[in-house]
Chemist: 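Supplied in C-alpha cells, the structure appears directly below.
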Amino acid sequence: MPLPVPEDAFSEGMPDRECMTVPEAFELFSAAAPKGWRVELIEGEICVVPPANGEHEEIVSELSGQVRDHDKGVGRYTGIGLSLPGTADPVRVIPDLVIAPKGSFDDQHEWHGPDAVLLVAEVTSSSTARRDRVQKIRAYARAGIPVYLMIDGEAGEAVVCSEPSGDDFEHKSIHKLGTVVRLPAPLDFVLDTSQF
C-alpha cells in the first residue's frame with residue numbers, strides 16, 4: 001500500500017524523486033510511516049503493511065507463549081527489524097515473531113543481523129500472504145535462519161521450513177491447523193496449533 005510522500009520531504013541534500021534509489025526511498029517511507037505500520041524492503045520491492053488485526057495478534061501471542069513455556073531462556077521479539085542479505089539491495093524485514101537468545105538485540109540499532117536468530121514466524125494475511133509464502137522463504141533461507149514457521153490462516157496450515165540452503169530450505173513440512181507440530185532444533189519442541 002503506497003504512502004503519500006510530502007513535497008517537503010525532499011529537502012536540501014535529499015535526492016530528487018526521479019533519481020532516488022530503492023534503499024533511499026525505503027528510508028523515506030520508513031520515516032513517514034504512521035505508528036504501527038511496518039515498512040519492509042524485499043527483493044527491491046518496498047512493502048507497507050498496516051497494523052495487524054486482533055486475530056493475527058492472538059496467534060502471535062499464543063505462539064510466543066508456547067515458546068516461553070518451552071524455554072524461558074529465549075527472547076520472543078515482535079517489532080524487531082532484521083537486515084538480511086539480498087541479491088542486489090539488502091533486505092529489511094520486520095517478522096511477526098523472532099526467537100533468539102535473550103539479550104540478542106540489546107542495543108539501540110533499528111536493524112539487526114540474523115546471526116542470533118533461532119526462528120522467525122510469520123502469520124499470513126491477505127496483504128502479506130504472497131510475500132510470506134515466496135519472497136520471505138528465499139530471504140530467510142539466504143540469511144541462514146534455522147527455522148521459518150509460517151502460520152497460513154487462508155490455507156489452514158502451519159508450514160515449518162528448516163535446514164536453509166541457498167535460496168530455499170531443504171526440509172518443509174505442512175500441518176493442518178489444529179494439530180500438534182514438531183518444531184525442529186534449535187527449539188525442538190511440540191507446538192499445539194489448536195489455539196490458532
Chemist: For Val117 and Leu82, what are the C-alpha separation, side-chain angles and deciding distance, and is it a side chain to side chain contact (heavy atoms under 4.5 Å, CB included)?
Modeler: CA-CA 9 Å; Val117 176; Leu82 296 180; 4.1 Å; yes
Chemist: Please check if the side chain of Gln66 supplies one atom and the backbone of Asp192 the other of a donor-acceptor pair under 3.5 Å.
Modeler: yes
Chemist: Do any N or O atoms from the side chain of Glu24 and from the backbone of Thr21 form a donor-acceptor pair under 3.5 angstrom?
Modeler: yes
Chemist: When clusters are formed by joining ILVMFWY residues with side-chain heavy atoms under 4.5 Å apart, either directly or through shared neighbours, do Val160 and Val74 land in the same one?
Modeler: yes
Chemist: Under 4.5 Å between side-chain heavy atoms, counting indirect links through other Ile/Leu/Val/Met/Phe/Trp/Tyr residues: same cluster for Phe169 and Ile174 or not?
Modeler: yes
Chemist: Compute whether any side-chain donor of one residue and acceptor of the other, for Gln135 and Tyr140, lie under 3.5 angstrom apart.
Modeler: no
Chemist: Give a yes or no answer on whether the side chain of Thr193 reaches the backbone of Val180 with a donor-acceptor pair at less than 3.5 Å.
Modeler: no
Chemist: In sequence, state the C-alpha distance, the side-chain angles, and the governing distance for Arg131 and Ile42, and then conclude on side chain to side chain contact (heavy atoms under 4.5 Å, CB included).
Modeler: CA-CA 8 Å; Arg131 287 188 302 277; Ile42 307 170; 4.0 Å; yes
Chemist: Is it true that atom CD of Glu55 has more than 12 heavy atoms of other residues, nucleotides or ligands lying nearer than 6.0 Å?
Modeler: no
Chemist: Given side chains that start at C-beta, do those of Glu163 and His171 come closer than 4.5 Å, heavy atoms only?
Modeler: yes
Chemist: What I want to find out is whether Arg138 reaches Glu43 closely enough, with some N-O distance under 4.0 Å, to be called a salt bridge.
Modeler: yes
Chemist: Tell me whether Asp96 is salt-bridged to Arg38, with the criterion being a basic N under 4.0 Å from an acidic carboxylate O.
Modeler: yes
Chemist: Would you give the length of the straight line joining atom CG of Leu41 to atom CD of Glu27, rounded to the nearest 0.5 angstrom?
Modeler: 9.0 Å
Chemist: Examine the side chains of Ser125 and Thr128 and answer whether a donor and an acceptor come within less than 3.5 Å of each other.
Modeler: yes
Chemist: Step through the shown structure and confirm whether more than 12 heavy atoms of other residues, nucleotides or ligands are within 6.0 Å of CD on Glu45.
Modeler: yes
Chemist: Side chains of Ser173 and His175: do they bring a donor and an acceptor to under 3.5 Å?
Modeler: yes
Chemist: Is the closest side-chain heavy-atom distance between Asp107 and His112 below 4.5 Å?
Modeler: yes
Chemist: Could you check whether any side-chain heavy atom of Ile99 comes within less than 4.5 Å of a side-chain heavy atom of Leu187, counting everything from C-beta outward?
Modeler: yes
Chemist: For Arg130 and Glu122: C-alpha separation, side-chain torsions, deciding distance, then whether salt bridge (charged side-chain N to carboxylate O under 4.0 Å, His left out) applies.
Modeler: CA-CA 12 Å; Arg130 180 182 61 84; Glu122 299 284 3; over 6 Å; no
Chemist: Starting from the C-alpha separation in whole Å, work towards a yes-or-no answer on side chain to side chain contact (heavy atoms under 4.5 Å, CB included) for Leu63 and Leu191.
Modeler: CA-CA 8 Å; Leu63 175 58; Leu191 177 70; 3.6 Å; yes
Chemist: What's the spacing between Ser162 OG and Leu149 CG if we round to 0.5 Å?
Modeler: 11.0 Å
Chemist: May I ask you to test the Ile80-Ile94 pair for a side-chain heavy-atom distance under 4.5 Å?
Modeler: no
Chemist: With clusters defined by side-chain heavy atoms of hydrophobic residues (ILVMFWY) lying less than 4.5 Å apart, directly or transitively, does Tyr148 cluster with Ile151?
Modeler: no
Chemist: Strictly below 4.0 Å, N to O, side chains only: are Glu154 and Arg133 in salt-bridge contact?
Modeler: yes
Chemist: Going through the checks in order, is the side chain to side chain contact (heavy atoms under 4.5 Å, CB included) test met by Ile59 and Gln195?
Modeler: CA-CA 8 Å; Ile59 293 170; Gln195 301 299 310; over 6 Å; no
Chemist: As an exercise, state the distance from OG of Ser104 to OH of Tyr77, rounded to the nearest 0.5 Å.
Modeler: 5.0 Å
Chemist: Do the rings of Phe189 and His70 sit parallel, tilted or perpendicular, given the 30° and 60° boundaries?
Modeler: parallel
Chemist: May I ask whether Ile137 and Val91 are part of the same hydrophobic cluster, defined by side-chain heavy atoms of I, L, V, M, F, W, Y residues being less than 4.5 angstrom apart, directly or through others?
Modeler: yes
Chemist: Okay, side chain of Ser30, backbone of Phe26: is any donor-acceptor separation there less than 3.5 Å?
Modeler: yes
Chemist: Under a 4.0 Å N-O cut-off, is there an ion pair linking Lys102 with Asp106?
Modeler: no
